[in-house]
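Below is one structure; the comments refer to it alone.
Chain A is the first sequence line, chain B the second, and so forth, proteins listed ahead of strands; every chain is numbered from 1. Any value given below was found using the heavy atoms of this structure, including those in side chains, with hydrogens, waters and symmetry copies removed.
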Number of protein chains: 2
Amino acid sequence: MNILEKITNELDMLSKSERKVAEVILASPNTVIHSSIAALAKQANISEPTVNRFCRRLDTKGYPDFKLHLAQSLANGTPYVNRHVDENDTADEYTSKIFESTMASLELARKSLDANDINRSVDVLTQANKISFFGLGASAIVAHDAQNKFFRFNVPVVYFDDILMQRMSAINSRQGDVVVVISHTGRTKSLVEVASLAKENDATVIGITTTGTPLAKECSIVLSVDVSEDTDLYMPMSSRIAQLALIDVLATGFTLRRGSKFRDNLKKVKDSLRSSRFERKD
Amino acid sequence: MNILEKITNELDMLSKSERKVAEVILASPNTVIHSSIAALAKQANISEPTVNRFCRRLDTKGYPDFKLHLAQSLANGTPYVNRHVDENDTADEYTSKIFESTMASLELARKSLDANDINRSVDVLTQANKISFFGLGASAIVAHDAQNKFFRFNVPVVYFDDILMQRMSAINSRQGDVVVVISHTGRTKSLVEVASLAKENDATVIGITTTGTPLAKECSIVLSVDVSEDTDLYMPMSSRIAQLALIDVLATGFTLRRGSKFRDNLKKVKDSLRSSRFERKD
DNA sequence: AGAAAAAATGAAATTTTATTTCATAATGTA
DNA sequence: TACATTATGAAATAAAATTTCATTTTTTCT
């Protein structure tokens, strides 16, 4: 997609003159988007048709189309890159880096999600007799958050962040129950076991985990939340944030599916909190 | 900067014919960037010079320049914008909208944060005898997450999501203790009281809340996490996600401040979890 | 090495696209 | 209603991009 990267990659597929064009563009892309084909040709010391051929080789329709692609690459080139925190970073620097890589993770996670699986999950959740959310460690808070959210919907919902309770609950599950198992690594033994126990007892098991993990194999539906590997010591687990966003998605899907009568109920819950708060004056 | 917003804003500065152009562009900007001035003129049922004048009125050099701006807006326009979920959205649509507005919130929150306050917070946290995180509802899970994170640092840390425990803990706090109070609205009565109690008992109180709330007034240090108001029924509380990112920032600041010897310790904790997991084969 | 084929390149012609000019129409103002 | 102002489009012009085609360079094969 990013045309600047594409130019870099295909640099050796290009002819000598075309490479001159590439170099001029890579050197100052911001100037190029405001240049005519003639200006660029002159800058690179080659002829106009060569520039045109260069553009076509990059699968664009011609020079104007190429400029459009270039402009777009420049617009979204930097923002959501996963920049690593450095030991000498100032507060401002590491703050920016963490927020940005969190956003990058969200973007990745969004891409790894399949709308079909979300739809199916919302289906089974709306039909469920009882919903349980299980997680450990960082994923425990996601399970907890999910409980908070689904509690408002006035459906039987529990969450456990304790291995024994999870196991007991899984063993007692039955047809019509939905068990949502949350784990970034998808390799935590006890959670994988819990998932398979729940499945054996006829519950529908939804896994919120990374693609292709042992946990994923045990689930009825897998909601893949892939984020970049945290190879970096300083980098926080953005996986839990992506998982939370997914919980929001499921909750939203749930609300939409249940229709308008149901939404009034939601408003009531919101209003009931009012008296515990200081009034705002605006 | 964003030309689409600019068109929307200046819609009433435009003449009748120019507005027709604007409408066509707003309706399908993605088509327009691939249209010639003639095609666009025809589409809007006006003449080519009108299109040209329209472009100039938006402070661009002409039609090609306008298309460049438009292309850039489209490239980074969507992700940041808070698009609202609609009743008839497909799973794919509401998923995208939620992820995108979550990212938008993160961006807003990042802007509202002050590096100085973060620095001071990291200061007091590294010096603390004991750290407590308090939150209720959605913010409870943030407090919980903070405990998980800071627990690894081998410092005395607790979290409470229970009003009474929070209150008792606040009353028992003393000089050198740090109390972190988390609340998006900053108007939850019991939390504001807890903050002031802790302060009376000489604890340093860090507030993670919106600028200018009652809670903010009670705190020694305020970490402002402003996100857009959730006027929309379907829109989830992205505030908690922004708060989590801030916890990551504080934890990172903490690690950096403590220096390298300390980081070895962190690695040990990570390694200790290994035996509870299935090995990966890659 | 040298001839033939293939590929690359640019000058000029052509086509497409955008802009300017100017006359006319629409709108507002006294 | 008459005048001024502004808005608009047809046609002319200018600018930019593309195509054609002849020339040069490079590669391949003997």
Side-chain angles (χ1 to χ4, degrees), chain A residues 3 6-74, chain B residues 3 6-74:
Chain A
I3 197 105
K6 195 169 183 181
I7 296 175
T8 317
N9 289 338
E10 300 195 4
L11 214 56
D12 28 279
M13 317 281 191
L14 300 175
S15 74
K16 203 162 42 172
S17 304
E18 284 169 353
R19 202 163 314 142
K20 281 191 206 166
V21 183
E23 276 155 19
V24 172
I25 292 166
L26 290 173
S28 53
N30 271 304
T31 316
V32 173
I33 56 170
H34 295 115
S35 309
S36 68
I37 194 169
L40 176 56
K42 199 173 173 189
Q43 183 89 26
N45 264 307
I46 44 80
S47 71
E48 301 180 26
T50 301
V51 175
N52 199 275
R53 281 187 285 259
F54 167 85
C55 296
R56 298 233 168 108
R57 202 177 293 270
L58 284 136
D59 301 317
T60 63
K61 287 173 70 183
Y63 185 66
D65 189 43
F66 168 80
K67 283 211 292 189
L68 237 52
H69 281 267
L70 188 58
Q72 293 202 319
S73 298
L74 291 174
Chain B
I3 197 105
K6 197 170 181 182
I7 296 175
T8 318
N9 290 338
E10 300 195 5
L11 215 55
D12 29 277
M13 317 281 191
L14 300 175
S15 74
K16 202 162 41 169
S17 302
E18 284 169 352
R19 202 164 312 143
K20 281 191 206 164
V21 184
E23 275 155 18
V24 172
I25 293 166
L26 290 173
S28 53
N30 271 304
T31 316
V32 173
I33 56 171
H34 296 115
S35 310
S36 69
I37 193 168
L40 177 55
K42 197 172 172 191
Q43 183 90 25
N45 265 306
I46 43 79
S47 70
E48 301 180 24
T50 302
V51 176
N52 199 274
R53 282 187 286 258
F54 167 84
C55 296
R56 298 235 167 106
R57 202 176 292 271
L58 284 134
D59 301 316
T60 63
K61 287 173 70 186
Y63 185 66
D65 189 43
F66 169 81
K67 282 211 292 188
L68 237 52
H69 281 266
L70 189 58
Q72 293 201 319
S73 297
L74 290 174

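The separation between L68(B) atom CG and dT17(C) atom P is 17 Å, rounded to whole Å. Atom CZ of F66(B) is separated from atom C1' of dT17(C) by 16 Å (rounded to the nearest Å). Between the P atom of dA8(C) and the CG atom of N52(A) lies a distance of 15 Å, rounded to the nearest Å. Separating the NZ atom of K42(B) from the P atom of dA10(D) is a distance of 13 Å, rounded to the nearest angstrom. To the nearest angstrom, P of dT9(C) lies 12 Å from CZ of F54(A). If you take CG of D65(A) and P of dA17(D), they are 12 Å apart, rounded to a whole angstrom.
Within the 4.5 Å cutoff, the side chain of H69(B) has no heavy atoms near those of the L58(B) side chain. Two residues are said to be in side-chain contact when any heavy atoms from C-beta on lie closer than 4.5 Å; L14(A) and V21(A) fail this criterion. Looking only at side-chain heavy atoms (C-beta outward), D65(A) and H34(B) come within less than 4.5 Å of each other.
In this structure, E10(B) and R57(B) approach most closely via the heavy-atom pair OE1-O, 4.0 Å. Scanning all heavy atoms of the two residues, the minimum distance from C55(B) to T60(B) falls at O-OG1, 2.7 Å.
Within 4.0 Å of R19(A), counting heavy atoms only, lies no atom of the nucleic acid at all.
In terms of modelled atom types and a separation under 3.5 Å, the side chain of K67(B) and the main chain of S35(B) share a donor-acceptor contact.
Within residues 30-37 of chain B, the residues having any heavy atom under 4.0 Å from DNA chain C are, by residue number, S36(B), I37(B).
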Pull out every protein N or O sitting under 3.5 Å from an N or O of nucleotides 5-9 of chain D, one pair per line with the distance.
unit_1, atom_1, unit_2, atom_2, d
dT8(D), OP1, S17(B), N, 2.9
dT8(D), OP1, S17(B), OG, 2.4
dT8(D), OP2, S15(B), OG, 2.3
dT8(D), O5', S17(B), OG, 3.2
dG9(D), OP2, S47(B), N, 3.1
dG9(D), OP2, S47(B), OG, 3.1
dG9(D), OP2, T50(B), OG1, 2.9
dG9(D), N7, R53(B), NH2, 3.1

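Residues passing the salt bridge (Lys or Arg N to Asp or Glu O under 4.0 Å) test with D59(A), sequence neighbours excluded: K6(A). Contacts of E48(A) classified as salt bridge (Lys or Arg N to Asp or Glu O under 4.0 Å), with partners at least two apart in sequence or in another chain: none. With sequence neighbours excluded, the residues that form a side chain to side chain contact (heavy atoms under 4.5 Å, CB included) with V32(B) are I25(B), L40(B), Y63(B), L70(B).
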- Task: May I have the step-by-step check of side-chain contact (heavy atoms from CB on, under 4.5 Å) for F66(A) and I37(A), ending in yes or no?
- Result: CA-CA 11 Å; F66(A) 168 80; I37(A) 194 169; over 6 Å; no
Go through the steps to decide whether Q72(A) and I33(B) satisfy the test side-chain contact (heavy atoms from CB on, under 4.5 Å), and finish with yes or no.
CA-CA 11 Å; Q72(A) 293 202 319; I33(B) 56 171; 4.1 Å; yes
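Note that the two end axes of the helix from dA1(C)-dT30(D) to dA30(C)-dT1(D) enclose an angle of 30°, each drawn from 5 base pairs, rounded to 10 degrees.
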